[in-house]
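Since the structure comes first, as structure tokens, the remarks are kept for the end.
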Amino acid sequence: MRLTVGQAVVRFLANQWTERDGAEQRTIAGCLGIFGHGNVAGIGQALLQAQRTGEADLPYRLARNEQAMVHTAAGYARMKNRLSTLACTASIGPGSTNMLTGAALATVNRLPVLLLPSDVFATRAASPVLQELEDPRGYDVSVNDAFRPLSRFFDRIWRPEQLPSALLAAMRVLTDPAETGAVTLCLPQDVQAEAYDFPDALFAKRVWHVARPLAEPAFVARAAEVIREARRPLIIAGGGAVYSEASAELDQFARETGIPVADTQAGKGALSWDHPQSVGGVGSTGTPVANRLAREADVIIGVGTRYSDFTTASRTAFQHPSVKFVNINVASFDAHKESAYPVVADARAGLSELLAALDGRRFPDDFRADVALWQETVGRAYHLGHGPLPAQSEVIGAVNEVCGTRDVVVQAAGSMPGDLQLLWRAGDPKQYHVEYGYSCMGFEIAGALGIKLADPSREVYALVGDGSYLMMAQEIVTAVAEGIKLILVLVQNHGFASIGALSESLGSQRFGTSYQFRGAGQDYDGGRLPVDLAVNAESLGAAVIRCRTIADLRDGLKRARDSDRLTVVHIETDPLSPVPSSESWWDVPVPEVSSLRSTRAARETYDAAKRDQRQYL
Ligand SMILES: Cc1ncc(C[n+]2csc(CCOP(=O)(O)OP(=O)(O)O)c2C)c(N)n1
Ligand SMILES: [Mg+2]
């Protein structure tokens, strides 16, 4: 079939399917993009031709920022449990390098996204092309080489003949739960337009089976022995438990063994918050109940977790002198973390195999009274009555109580991820969507767009800090243009509540974290800026509801829910409002020497906390 490389890419992608447990879906459900000279006549022409002729089904959506469109694809993929994603086409140079942050986010979170950056002329006929880097050390280097460390598969299609093997490798990596992440195929702008006789077979429907690898029996036997001999084990459910749809198996495992289940940011909701075995988040932003259990546990059973420093409280969470780890993980890399007894397997399959090998062993479930007490604390934080400005915990409570179990809350950075992990009551495995692998400010709105595209039947509430909003709010325009309804809760606290508090706790006096005029001294303490983000949102096409009190907010959220327009619910909160303690720690190094008293005092506290840090060998 004589096609250009661009046409071949589009036709191929439209015929890829993913299958798990017998259910098929499109591997690449569509293409997001922003055109420039690097792709307008290549992939751009191919997308147009596909749409006009029906030769291939790959719907195109115009994004407003390339970083954001990768976030949209990542949000989509996560919502689809990694079984389906979107492609992203960008022009050469800045259009492509704008996608780097998105690539890193996807790879860190183990989420499949297909990136198609445009690249310099393969023929070099017109070099240097507009926006070419020109590396004097080698003409085969371009800005797109920056994608290499961020991609789980990277290739550059210098010749049309290379395309079939590159496309197949891309699909293999995207659909492999252990390998997946950003996949980057760089497409030189001349090659995109070059024709070649591609074999018909390349464009036949192809179904990629997403495996549920079983654990090798010896893995299971060794892990089961460790658990059988435990006295107080604790399960940590991570993102893998959600992606493999292992909730029923996790429920059975926990009920039959009596082992409590804590969760990570990515794993929250794998068990409902009110499940009898749930003890909430663990680690730096976990619940005091889970953290107490973690401190005392002699065996930690990680299910689909990558053990970030937040999960391990920077390796201070697990204090039993001979604590051992058993990790069920589809990726050997993660299964072996913390010197664990690895169970390299799909989370769902691994849980069932391990449960069968435990021979009915049961453990004490004497933590429930503590969980009930903790839930009273959460209830108080939801209804704090803080003033004059409301507390963030009340905003979280209002959203939690207004939204339905199937609705989705989206967040990524600032003070909210911590408060959410501590306080949010997730009733469904897809309800809690906090991107905390890369914790990228600006993910929220773009990610919410992807989530809503993936499941239009759910209401999507993105909580957006003013800092995050100022970084990337432009996808409001994309959502408005596409007729996609989102609810954006804009939490205005005039700066970085998160880093402000962190700074203060580390002796750095909230330096440079407030959005105010530069004052007479050196810091930003010169008063309120004439900034109105509600007006800004309105100017981008959103309906806006301004709220002053939590009662207003609850009412505003209901109105937003009942509306069919993208709505921004704006509320100002107290950046210093209290939140219950996690009784945990996070390692952020404080200077060893300083002429500031505040830094010296913080260093003493730091040194004391650091003594609890362990290596798990
Ligand atoms: C892209 C990016 N830059 C910087 C950071 C570091 N950082 C983490 S939270 C934060 C402030 C977030 O401000 P805002 O969105 O207003 O949330 P708040 O802290 O006020 O809750 C910063 C700068 C980050 N996570 N992501
Ligand atoms: Mg803020």
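Whatever order the structure lists ligands and atoms in, that order sets their numbers, starting from 1. Hydrogens, waters and symmetry mates are skipped; everything else that's a heavy atom, side chains included, is used.
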Report all N/O contacts between ligand 1 and the protein shorter than 3.5 Å as a table of atom names and distances to 0.1 Å; if there are none, say 'none'.
{"residue": "ligand 1", "atom": "15 (O)", "partner": "Gly467", "partner atom": "N", "Å": "3.4"}
{"residue": "ligand 1", "atom": "15 (O)", "partner": "Ser468", "partner atom": "N", "Å": "2.9"}
{"residue": "ligand 1", "atom": "16 (O)", "partner": "Asp466", "partner atom": "N", "Å": "3.4"}
{"residue": "ligand 1", "atom": "16 (O)", "partner": "Asp466", "partner atom": "OD1", "Å": "2.8"}
{"residue": "ligand 1", "atom": "16 (O)", "partner": "Gly467", "partner atom": "N", "Å": "2.7"}
{"residue": "ligand 1", "atom": "16 (O)", "partner": "Gly495", "partner atom": "O", "Å": "3.0"}
{"residue": "ligand 1", "atom": "19 (O)", "partner": "Ser415", "partner atom": "N", "Å": "3.3"}
{"residue": "ligand 1", "atom": "19 (O)", "partner": "Ala497", "partner atom": "N", "Å": "3.1"}
{"residue": "ligand 1", "atom": "19 (O)", "partner": "Ser498", "partner atom": "N", "Å": "2.9"}
{"residue": "ligand 1", "atom": "19 (O)", "partner": "Ser498", "partner atom": "OG", "Å": "2.6"}
{"residue": "ligand 1", "atom": "20 (O)", "partner": "Asn493", "partner atom": "OD1", "Å": "3.0"}
{"residue": "ligand 1", "atom": "20 (O)", "partner": "Asn493", "partner atom": "ND2", "Å": "3.0"}
{"residue": "ligand 1", "atom": "20 (O)", "partner": "Gly495", "partner atom": "O", "Å": "2.9"}
{"residue": "ligand 1", "atom": "20 (O)", "partner": "Ala497", "partner atom": "N", "Å": "2.9"}
{"residue": "ligand 1", "atom": "21 (O)", "partner": "Ser415", "partner atom": "N", "Å": "3.0"}
{"residue": "ligand 1", "atom": "21 (O)", "partner": "Ser415", "partner atom": "OG", "Å": "2.5"}
{"residue": "ligand 1", "atom": "25 (N)", "partner": "Ser439", "partner atom": "O", "Å": "2.8"}
{"residue": "ligand 1", "atom": "26 (N)", "partner": "Met441", "partner atom": "N", "Å": "3.3"}

Next item on the list: Without swapping roles, check the side chain of Asp145 against the backbone of Ser142 for a donor-acceptor pair under 3.5 Å.
Entry: yes

Margin query: side-chain hydrogen bond (donor to acceptor under 3.5 Å, both in side chains), that's the test. Do Asn81 and Lys430 meet it? Break it down for me.
Written below: CA-CA 9 Å; Asn81 288 328; Lys430 302 309 307 179; 2.6 Å; yes

Item checked: Between Trp424 and Gln431: side-chain donor-acceptor atoms closer than 3.5 Å -> yes

Notebook entry, point to check: Of all the N, O or S atoms in Asp466, which one sits nearest to the Mg ion (ligand 2)?
Noted result: OD1

Check: Is any N, O or S atom of Gly495 under 2.8 Å away from the Mg ion (ligand 2)?
Finding: yes

Check: Has Tyr515 got an N, O or S atom lying less than 2.8 Å from the Mg ion (ligand 2)?
Finding: no

Notebook entry, point to check: salt bridge (Lys or Arg N to Asp or Glu O under 4.0 Å) with Arg546: which of Asp555, Asp532, Asp552?
Noted result: Asp532

Next item on the list: Mind telling me whether Phe318 and Tyr307 have parallel, tilted or perpendicular rings, with 30° and 60° as the class edges?
Entry: perpendicular

Margin query: Students often mix this up, so state it plainly: with edges at 30° and 60°, are the rings of Phe496 and Tyr515 parallel, tilted or perpendicular?
Written below: perpendicular

Item checked: Partner set under salt bridge (charged side-chain N to carboxylate O under 4.0 Å, His left out) for Glu338, not counting sequence neighbours -> Arg315

